[in-house]
Student: 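Below: one structure in structure tokens.
Every heavy atom of this structure was used, including side-chain atoms; hydrogens, water molecules and symmetry mates were not.
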Amino acid sequence: MEVMKAKEVKELTTAEIKERMDAQKAELAQMKLQHSISPLDNPLQIREVRKNIARLATELRQRELNNK
């Protein structure tokens with residue numbers, strides 16, 4: 001799991017953003033499941049994945065609004 005900076009997100013194409021977002025959502029679901037069974041070594045990873053998803057969603061929305 002990597003922390004994505006807003007600058008890195010802006011450099012991606014829209015298709016790449018959607019692809020990364022799907023991957024991050026799948027990773028989040030997997031982490032939540034693992035955490036419910038036995039605690040993760042670092043539960044703050046869940047927060048970081050959620051933040052990455054939010055960064056990606058924000059950039060998608062910005063592009064959507066700029067194209068109108």
Student: Distance check, rounded to the nearest 0.5 Å: Asn66 atom CG versus Glu64 atom CD?
Tutor: 10.5 Å
Student: Would you mind writing out the side-chain donor-acceptor pairs for residues 28-39 within the sub-3.5 Å range, not counting sequence neighbours?
Tutor:
unit_1, atom_1, unit_2, atom_2, d
His35, ND1, Leu40, N, 3.1
Ser36, OG, Leu33, O, 2.7

Student: Any heavy-atom pair between the side chains of Leu56 and Leu60 that's under 4.5 Å?
Tutor: no
Student: Taking side-chain hydrogen bond (donor to acceptor under 3.5 Å, both in side chains) as the test, write out the residues that go with Arg47, two or more places apart.
Tutor: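 Applying side-chain hydrogen bond (donor to acceptor under 3.5 Å, both in side chains) to Arg47 gives none.
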Student: For Asn42, check side chain to side chain contact (heavy atoms under 4.5 Å, CB included) against everything at least two apart and list the hits.
Tutor: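 Only Leu44, Gln45 meet the side chain to side chain contact (heavy atoms under 4.5 Å, CB included) criterion with Asn42.
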Student: Once you round to the nearest 0.5 Å, how far does CZ of Arg20 lie from OG1 of Thr13?
Tutor: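 Answer for the CZ-OG1 pair, Arg20 versus Thr13, is 9.5 Å.
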Student: Would you mind writing out the side-chain donor-acceptor pairs for residues 5-12 within the sub-3.5 Å range, not counting sequence neighbours?
Tutor:
unit_1, atom_1, unit_2, atom_2, d
Glu8, OE1, Lys5, N, 3.4
Lys10, NZ, Glu59, OE1, 3.4

Student: Verify the neighbour count for atom CD of Glu19: are there more than 12 heavy atoms of other residues, nucleotides or ligands below 6.0 Å?
Tutor: no
Student: Applying side-chain hydrogen bond (donor to acceptor under 3.5 Å, both in side chains), name anything that partners Arg55, two or more places apart in sequence or on another chain.
Tutor: Asn52
Student: Taking only residues two or more places apart in sequence or in another chain, which ones pass side chain to side chain contact (heavy atoms under 4.5 Å, CB included) with Thr58?
Tutor: none
